[in-house]
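In what follows, chains carry the letters A, B, and so on, assigned in the order in which the sequence lines appear, proteins first and then strands, with residues in each chain numbered from 1. Computed from a predicted structure; not experimentally measured. Every heavy atom of this structure was used, including side-chain atoms; hydrogens, water molecules and symmetry mates were not.
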2 protein chains.
Amino acid sequence: MAVLYHHPAPEDITLLPLLRAVADPVRLGIICHLHSLGEANCTTLLRGRPKSSMSHHFQVLREAGILQTRVEGVQHRNTLRLDVLEDRFPGLMTSILRECPTNLSEKG
Amino acid sequence: MAVLYHHPAPEDITLLPLLRAVADPVRLGIICHLHSLGEANCTTLLRGRPKSSMSHHFQVLREAGILQTRVEGVQHRNTLRLDVLEDRFPGLMTSILRECPTNLSEKG
DNA sequence: TTCATTGTTCTATGTTGATAGAACAAAAAG
DNA sequence: CTTTTTGTTCTATCAACATAGAACAATGAA
């Protein structure tokens with residue numbers, strides 16, 4: 001897993017890929033959970049889904065510039081890049097996060 | 001064309017369909033053009049695309065609550081529902097419209 | 001009525017992308 | 001070294017959706 005993640009620079013984050021990434025129920029869920037948890041690894045957010053699926057979604061979010069991944073031992077910890085996103089597209093993430101269900105623990 | 005359009009009520013506009021609708025290059029283009037033109041019919045925004053495709057995209061935008069269509073004679077005039085959207089998802093459309101190319105006439 | 005314009009509906013096609021199993025890779029623990 | 005945990009990569013499959021042609025419907029003009 002000595003994977004070298006590529007996190008796009010702020011200038012390279014563009015609207016369309018970002019909207020595409022966000023326009024998916026699973027990924028929207030990931031975003032909301034990351035927002036409430038602050039940081040989380042892939043396995044934490046599986047809900048019966050296969051790891052390969054989640055890994056895919058994290059990759060999409062990463063390449064869209066929405067989250068960044070930090071390797072710590074065996075785990076890959078993910079965080080939202082809120083500052084960067086707010087700087088790049090003011091108000092966008094805020095308006096999306098506002099729609100997150102308040103009680104995320106209902107399903108885990 | 002005595003089509004009865006269904007425009008969802010503000011409460012029935014939900015985030016995921018809205019994001020889905022917006023996460024498409026053609027529809028993003030339509031949105032930007034509508035924003036700069038104020039109002040436009042389908043044919044005005046064709047750029048070599050078949051009418052059926054555009055009609056489809058307008059339908060998606062309409063059902064997502066992004067625009068409303070007003071029939072005037074043979075033409076169907078479309079407008080963004082900015083007030084409703086701003087009320088429902090504050091800041092979202094604003095942050096998207098901010099990314100519209102300033103010179104929309106480059107390609108039409 | 002006849003024709004032109006506008007846009008929808010129907011249908012088919014093709015492409016993109018989500019899902020998921022299996023094999024693999026890396027790190028830490030035993 | 002072996003095992004366990006974590007997550008990626010590869011591959012295949014399936015579903016959703018964009019594209020587009022053709023026929024149709026409605027309005028207005030000639």
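At distances below 3.5 Å, at least one donor-acceptor pair connects side-chain atoms of Arg27(B) with backbone N or O atoms of Ala21(B). In this structure, Arg77(B) contributes its side chain and Glu39(B) its backbone to no donor-acceptor pair below 3.5 Å. With Arg49(A) contributing its side chain and Val26(A) its backbone, the two residues share no donor-acceptor pair below 3.5 Å. Checking side-chain atoms of Arg88(B) against main-chain N and O of Pro10(B) turns up a donor-acceptor pair under 3.5 Å. Put simply, the side chain of Ser95(B) gets close to the backbone of Gly91(B): a donor and an acceptor are under 3.5 Å apart.
Distance, Glu72(A) CD to dA26(C) C1': 15 Å, rounded to whole Å. Rounding to whole angstrom units, CG of residue Leu28(A) and P of dA18(C) are separated by 13 Å. For the pair Ile30(A) CD1 and dT19(C) P, the interatomic distance rounds to 10 Å; values are reported in whole Å. Atom pair Leu61(B):CG and dG7(C):P shows a separation of 15 Å (rounding to whole Å applied). We find that NE2 of His76(B) is positioned 9 Å from P of dT27(D), with the value rounded to whole Å. Between the CG atom of Leu4(B) and the P atom of dT8(C) there is a distance of 13 Å, rounded to whole Å. As a whole-Å value, the separation of Met54(A) CE from dT9(D) C1' is 17 Å. Rounded to whole angstrom, the span from the CG atom of Leu46(A) across to the P atom of dT19(C) amounts to 13 Å.
Mapped onto DNA chain C by nearest heavy atom, Asn78(B) and Arg20(A) fall at different nucleotides, with Asn78(B) at the one closer to the 5' end.
OP1 or OP2 of dA18(C) has not a single side-chain nitrogen or oxygen of His57(A) nearer than 4.0 Å. The side chain of His56(A) places an N or O atom within less than 4.0 Å of a non-bridging phosphate oxygen (OP1 or OP2) of dA18(C). OP1 or OP2 of dG7(D) has at least one side-chain nitrogen or oxygen of Thr43(A) nearer than 4.0 Å. Distances shown here put a side-chain N or O of Tyr5(B) below 4.0 Å from the OP1 or OP2 atom of dT8(C). For the pair Asn41(B) and dG7(C), the criterion of a side-chain N or O lying under 4.0 Å from OP1 or OP2 is met.
Arg70(A) comes within contact range of no nucleotide atom at all, as no heavy-atom separation falls under 4.0 Å. No contact: Arg77(A) has no heavy atom under 4.0 Å from any strand.
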Just the table, please: protein N/O against nucleotides 20-24 of chain C N/O, every pair under 3.5 Å.
unit_1	atom_1	unit_2	atom_2	d
dA20(C)	N7	Ser52(A)	OG	3.2
dG21(C)	N7	Ser52(A)	OG	3.2
dG21(C)	O6	Ser52(A)	OG	3.2

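When ring centroids are compared, Tyr5(B) and His76(B) come within the 6.0 Å threshold.
In the set dT8(C), dG7(C), dA27(C), the nucleotide with an atom closest to the side chain of Gln75(B) is dG7(C).
Taken from CG in Leu18(B) to CD1 in Ile96(B), the straight-line distance is 7.0 Å, to the nearest 0.5 Å.
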